[in-house]
2 protein chains.
Amino acid sequence: MAVPSNEELELLHRNICQAVGDPKRIQILYALHEQPRNVNALVEALNTPQPTISRHLAILRERGLVTAERDGTSVIYRVAEPRMIEILDVMRQMLRGLLEKQSSVVE
Amino acid sequence: MAVPSNEELELLHRNICQAVGDPKRIQILYALHEQPRNVNALVEALNTPQPTISRHLAILRERGLVTAERDGTSVIYRVAEPRMIEILDVMRQMLRGLLEKQSSVVE
DNA sequence: ACCGTTCATCCGCATATCCGAATATAACAA
DNA sequence: TTGTTATATTCGGATATGCGGATGAACGGT
């Protein structure tokens with residue numbers, strides 16, 4: 001795979017990297033991966049004010065990482081890209097390796 | 001793989017997600033993946049002021065994503081985690097799918 | 001010791017991002 | 001239409017992040 005052009009770089013950053021650049025949004029992705037939920041369920045599960053949850057959901061939705069389906073008065077959110085969860089899991093595995101190296105270095 | 005605890009979430013964010021949350025750092029990772037380089041080579045390859053490059057390298061180095069090896073007066077940087085490049089490549093593939101969906105939706 | 005090269009860090013400024021109370025909007029029921 | 005519940009958006013303020021000139025520190029050559 002070639003080195004990304006500047007335009008692709010910018011799109012990659014805006015649409016994906018930046019979207020998972022916030023811990024609350026990562027948390028939301030995992031919560032929705034566990035099971036689809038409406039906004040209120042997320043508010044309670046993550047113990048976070050509703051506007052905060054809605055704002056993060058809007059960001060994930062605009063980038064196509066979650067889908068929103070209205071069901072009466074509530075809106076059910078789902079993970080749209082299972083690969084995103086896989087990526088996060090790989091990152092977590094990497095993280096363990098990185099932390100081990102850190103702790104084993106005595107300087 | 002279980003849902004990450006709050007502490008793991010914070011570490012994941014700080015050590016990895018945030019590190020690749022800047023387009024210049026992604027660009028640096030790809031440039032180093034193409035071939036190891038010293039700071040000056042990066043300055044020229046990315047056409048970016050040296051303090052900016054050094055600052056980004058410090059962030060990547062602190063998180064263990066690149067390694068620095070002094071060679072005389074210059075310092076050669078290398079990608080420490082090839083998996084990080086693989087992850088970015090998967091993100092780029094995802095990106096294409098996401099952009100297609102966007103452009104095919106007529107609202 | 002002095003100098004030139006290479007890189008790291010400091011610092012002030014500009015911008016981006018996040019937060020959450022307040023408010024607006026959408027859907028449904030009575 | 002009025003009220004209630006669920007969600008989205010607005011807004012001001014706080015914090016974080018990026019930038020790059022100026023400066024400091026490390027190294028090798030003379």
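Here is the naming used below: chain letters follow the sequence lines, and residue numbers restart at 1 for every chain.
- Note on residues 38-49 of chain A: no pairs pass salt bridge (Lys or Arg N to Asp or Glu O under 4.0 Å), not counting sequence neighbours.
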Identify every side-chain donor-acceptor pair in residues 50-58 of chain A under 3.5 Å, counting partners at least two apart or on other chains, and give the distances.
| unit_1 | atom_1 | unit_2 | atom_2 | d |
| --- | --- | --- | --- | --- |
| A:Gln50 | NE2 | A:Ser54 | OG | 3.1 |
| A:His56 | ND1 | A:Arg25 | NH1 | 3.1 |

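- Running 5' to 3' along DNA chain D, contacts with non-hydrogen atoms of chain A at under 4.0 Å begin and end at D:dA6 to D:dT9.
- Scored by the side-chain contact (heavy atoms from CB on, under 4.5 Å) test, A:Gln93 finds B:Met1, B:Arg83 as partners (sequence neighbours excluded).
- Applying the salt bridge (charged side-chain N to carboxylate O under 4.0 Å, His left out) rule to B:Arg78 yields the partners B:Glu69; only residues at least two apart in sequence or on another chain are considered.
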Report all interatomic pairs (protein N or O, nucleotide N or O of nucleotides 7-12 of chain C) with separations under 3.5 Å.
| unit_1 | atom_1 | unit_2 | atom_2 | d |
| --- | --- | --- | --- | --- |
| C:dC7 | OP1 | B:Val39 | N | 3.2 |
| C:dC7 | OP1 | B:Val75 | N | 3.3 |
| C:dC7 | OP2 | B:Asn40 | N | 2.7 |
| C:dA8 | OP1 | B:Tyr77 | OH | 2.5 |
| C:dA8 | OP2 | B:Ser54 | OG | 2.9 |
| C:dA8 | N7 | B:Gln50 | NE2 | 2.7 |
| C:dA8 | N6 | B:Gln50 | OE1 | 3.2 |

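- The salt bridge (charged side-chain N to carboxylate O under 4.0 Å, His left out) test applied to B:Glu34 returns B:Arg37, not counting sequence neighbours.
- Considering only residues two or more places apart in sequence or on other chains, A:Val75 meets the side-chain contact (heavy atoms from CB on, under 4.5 Å) condition with A:Ala68, A:Arg70, A:Tyr77.
- A search for salt bridge (charged side-chain N to carboxylate O under 4.0 Å, His left out) contacts involving B:Arg61 returns nothing, not counting sequence neighbours.
- Interface residues of residues 20-28 of chain B facing DNA chain D, ordered by number: B:Asp22, B:Arg25; criterion, heavy-atom separation under 4.0 Å.
- To the nearest angstrom, P of C:dT6 lies 17 Å from CD of B:Glu69.
- Within the nucleic acid shown, B:Arg14 comes within 4.0 Å of sugar-phosphate atoms alone, with no base atom in reach, counting heavy atoms only.
- Shown here are the side-chain contact (heavy atoms from CB on, under 4.5 Å) partners of B:Gln18, two or more places apart in sequence or in another chain: B:His13, B:Arg14, B:Arg63.
- Annotation: side-chain contact (heavy atoms from CB on, under 4.5 Å) contacts of B:Asp71 (sequence neighbours excluded): B:Ser74, B:Ile76.
- When side chains are defined from C-beta on, A:Leu88 counts as touching B:Cys17, because their heavy atoms get closer than 4.5 Å.
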